[in-house]
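Have a look at the structure below before the remarks.
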Amino acid sequence: IGGKPKAGRAGSDQPKPPASSSSANPPRLRYSQGGSSSGSNNNSKGAKANYLKASLLSFPPPAPPVPAMAGLLHLHSTLLPSASLLRQRGGAQAVPRRRRACRVEAKIREIFMPALSSTMTEGKIVAWNAAEGDRLAKGDPVVVVESDKADMDVETFHDGFLAAVLVPAGESAPVGSAIALLAESEEEIPLARSQAASFSSAAASPPAPQETVAQEASPAPPPPPPPAPVAVSVPAPPSPATQGGARVVASPYAKKLAKELSVDLFAVTGSGPGGRVVAKDVEAAAAAPKKAAPVAAARPDVPLGSTVPFTTMQGAVSKNMVESLAVPAFRVGYTITTDALDALYKKIKAKGVTMTALLAKATAMALVQHPVVNSSCRDGQSFTYNSSINIAVAVAIDGGLITPVLQDADKLDIYSLSRKWKELVDKARAKQLQPQEYNSGTFTLSNLGMFGVDRFDAILPPGTGAIMAVGSSQPTVVGTKDGRIGIKSQMQVNVTADHRVIYGSDLAAFLQTLSKIIEDPKDLTF
């Protein structure tokens, strides 16, 4: 539009209506560009106003007036119809949106073999705490698993029913493999059991490659679930707690209670799932009158000449010992007089202090002054000065060896250290130690003095810098500095160390410091 308006538009009260609403191109506003005479300007303004009114009749009313520039922007957006409005004007019906079809499928979850430690590759099922068909709540212990260091209860993370057990008690499974199926509802138990049967058949006879390809090309539909059976609770008959005569299957609380009541678990008949000994069985055995027959008769003798496979713990010990052969280790021995330490031990023994706690405390105090002996080398390229002094102490338990750790032994007083050590030993013998309680040691003690062993060498555990073997304290004829002959109690200690990090002079200085602390132990009780 410029100059005089076109015929049919200038001076008309009713402008020519815009194109049909069915047109694909919506009407647009036109603006005057350039100057013109006053009359033509007035006519142009009138034509534009009338055209604007006619255009607005076909669209929703604009928003309330706003400032000039913002009004133009808003007016422009108002005059552009939406895609849905154009479809309605063009007579086209809106295309309905496609919605995903929701299918409610049965929820059958797999219970996996957990990794209970960083070195665990497979676990052995000690006992199932629930039978097939039992209802489980989130957090319930469902199975007891033997790791390479301890027996631990494994909890379920979901509510449901224990539909099928894939790995029975006494058998092992790799970490991450399915050991049971958990159904969300009771009606889904038959379907879960049919899946468990397919698992068993696949493990027993794996299909040929040609059959596998055919199955992938045309998968067979799952069989329809049979009608849900009526659940009937049948009490299981009591069975002995021993499995093959090698170990006892009992709950952690039952083991603790048996220790407190001096009850031999091998003589107790378990009433729990799979013959597992529970607390009430121990209490009943403690209340029952003592039999004249010896308790040892309950344990069958191991036949001579038989071959027995490693337990999970024995396998882990074997693996660590083989790995230690790759470390260039050396040994340094030292003789320490223990008269003052023995006197201190007799004085504070009644307060619950143990000799192991005294040795651990003395060792930790010496390591404070010699941090290189507390260091470790793992990659063969560097070594680490450990920030904490954690004394691991070797303990022999039924079927293996474990090293409970006294963490921050240099910072605890001797009484707290003794209480902590007693707690760790009880948990170790009940096989209830947590991973951080046996794999965080930075220096290891191995004490055979209580058996009368005067000296021995220990094998360096992988990932640590040194281990000290402690022999018994024995009266020894010695020559004093003034030329006299006397008798003193002395013990032999031998330290095995990683020669990549620790040198002979380092161990010599450490053993001199340790000897001074033990021969003048007044600082051990502070």
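Bear in mind the structure is a predicted one, so any value in this text is a computation, not a measurement.
Scored by the side-chain hydrogen bond (donor to acceptor under 3.5 Å, both in side chains) test, Asn494 finds Asp457 as partners (sequence neighbours excluded). Looking at residues two or more places apart in sequence or on another chain, you find a ring-ring contact (aromatic ring centres under 6.0 Å, His included) between Phe383 and Tyr385. For Lys349, the side-chain hydrogen bond (donor to acceptor under 3.5 Å, both in side chains) test picks out no residue, with sequence neighbours left out.
Between the side chains of Thr442 and Asn374, at least one donor N or O sits under 3.5 Å from an acceptor N or O. Between the side chains of Ser440 and Gln407, at least one donor N or O lies within less than 3.5 Å of an accepting N or O.
How far CG of Leu424 is from OG1 of Thr356: 11.5 Å, rounded to the nearest 0.5 Å. The structure places CG of Leu182 at 10.0 Å from CD of Glu188, a figure rounded to the nearest 0.5 Å. Thr444 contributes atom OG1, which lies 7.5 Å from atom CG of Leu460 (distance to the nearest 0.5 angstrom). In this structure, CG on Asp506 lies 8.5 Å from OG on Ser375, to the nearest 0.5 angstrom. Put simply, CD on Glu122 and OG on Ser172 are 5.0 Å apart, with the number rounded to the nearest 0.5 Å. Between the CD1 atom in Ile111 and the CG atom in Leu162 there is a gap of 5.5 Å [rounded to 0.5 Å].
Between the Glu423 side chain and the Arg419 main chain, no donor and acceptor come within less than 3.5 Å of each other. Although no hydrogens or angles enter the test, the distance criterion places a donor-acceptor pair under 3.5 Å between the side chain of Trp128 and the main chain of Val167. A donor-acceptor pair under 3.5 Å links the side-chain atoms of Asp413 to the main chain of Tyr415, judged by distance alone. A donor-acceptor pair under 3.5 Å is formed between the side chain of Asn390 and the backbone N or O of Asp408. Judged by distance alone, the side chain of Ser472 and the main-chain N or O of Val453 form a donor-acceptor pair under 3.5 Å. Of the possible donor and acceptor atoms, none in the side chain of Thr338 sits under 3.5 Å from a partner among the backbone N and O of Leu341. Remark: side-chain polar atoms of Ser324 are paired, donor with acceptor, to backbone N or O of Met321 under 3.5 angstrom. Although no hydrogens or angles enter the test, the distance criterion places a donor-acceptor pair under 3.5 Å between the side chain of Glu132 and the main chain of Val165. Judged purely by atom type and a 3.5 angstrom limit, Asn439 uses its side chain to pair as donor or acceptor with the backbone of Pro435. Side-chain N or O atoms of Ser418 include one that pairs as donor or acceptor with a backbone N or O of Ile414 at under 3.5 Å.
Taking all atoms of both residues into account, the shortest heavy-atom contact from Lys431 to Glu146 is NZ-OE2, 3.5 Å. The shortest heavy-atom contact between Ile397 and Arg429 is CG2-CG, 4.0 Å. Counting all heavy atoms, side chain and backbone alike, Gly463 lies closest to Ser376 at O-CB, 3.3 Å. Ala285 and Val268 make their closest contact through CB-CG2, 3.9 Å (heavy atoms, listed as atom of the first residue, atom of the second, distance). For the residue pair Ile502 and Phe330, the shortest heavy atom distance occurs at O-CE2, 3.2 Å. Between Ala329 and Thr496 the shortest heavy-atom distance is CB-CG2, 3.9 Å.
Ile517 places a side-chain heavy atom less than 4.5 Å from the side chain of Leu524. Looking only at side-chain heavy atoms (C-beta outward), Ile467 and Phe443 stay at 4.5 Å or farther from each other. The side-chain heavy atoms of Phe310 and Ser318, taken from C-beta on, include a pair separated by under 4.5 Å. Looking only at side-chain heavy atoms (C-beta outward), Val395 and Trp421 come within less than 4.5 Å of each other. Looking at heavy atoms from C-beta onward, Ile391 lies in side-chain contact with Leu367 at the 4.5 angstrom threshold. Arg193 places none of its side-chain heavy atoms less than 4.5 Å from the side chain of Leu181. Between Asp410 and Met365 there is no side-chain heavy-atom pair separated by less than 4.5 Å. Side-chain contact between Leu514 and Met468 is present, with at least one heavy-atom pair separated by less than 4.5 Å.
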Exercise for the section: Tell me, with the steps shown, if Gln492 and Asp454 meet side-chain contact (heavy atoms from CB on, under 4.5 Å). Expected result: CA-CA 7 Å; Gln492 299 285 334; Asp454 58 353; 5.6 Å; no
Practice task
Start with the C-alpha distance between Glu184 and Asp159, add both sets of side-chain angles, then the distance that settles side-chain contact (heavy atoms from CB on, under 4.5 Å), and finish with yes or no.
Solution key: CA-CA 7 Å; Glu184 189 178 51; Asp159 298 337; over 6 Å; no
Exercise for the section: Using the side-chain contact (heavy atoms from CB on, under 4.5 Å) rule, take Leu191 and Ile189 through it: C-alpha gap first, then chi angles, then the decisive distance, then the call. Expected result: CA-CA 5 Å; Leu191 180 58; Ile189 293 179; over 6 Å; no
Exercise for the section: Starting from the C-alpha separation in whole Å, work towards a yes-or-no answer on side-chain contact (heavy atoms from CB on, under 4.5 Å) for Leu359 and Met491. Expected result: CA-CA 12 Å; Leu359 291 174; Met491 70 177 182; 3.9 Å; yes
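With respect to the salt-bridge test (charged N to carboxylate O, under 4.0 angstrom), the residues Lys427 and Glu437 qualify. Using a 4.0 Å cut-off between charged nitrogen and carboxylate oxygen, Lys346 and Asp342 do not count as a salt-bridge pair. Between Lys138 and Glu155 no salt bridge is recorded (no basic side-chain N to carboxylate O distance below 4.0 Å). Under a 4.0 Å N-O distance rule, the pair Lys319/Glu323 qualifies as a salt bridge.
Using bins of under 30°, 30° to 60° and over 60° for the plane-to-plane angle, the ring pair Phe510/His370 lands in the perpendicular bin.
Within a 6.0 Å sphere centred on CZ of Arg135, other residues, nucleotides and ligands contribute 12 heavy atoms or fewer.
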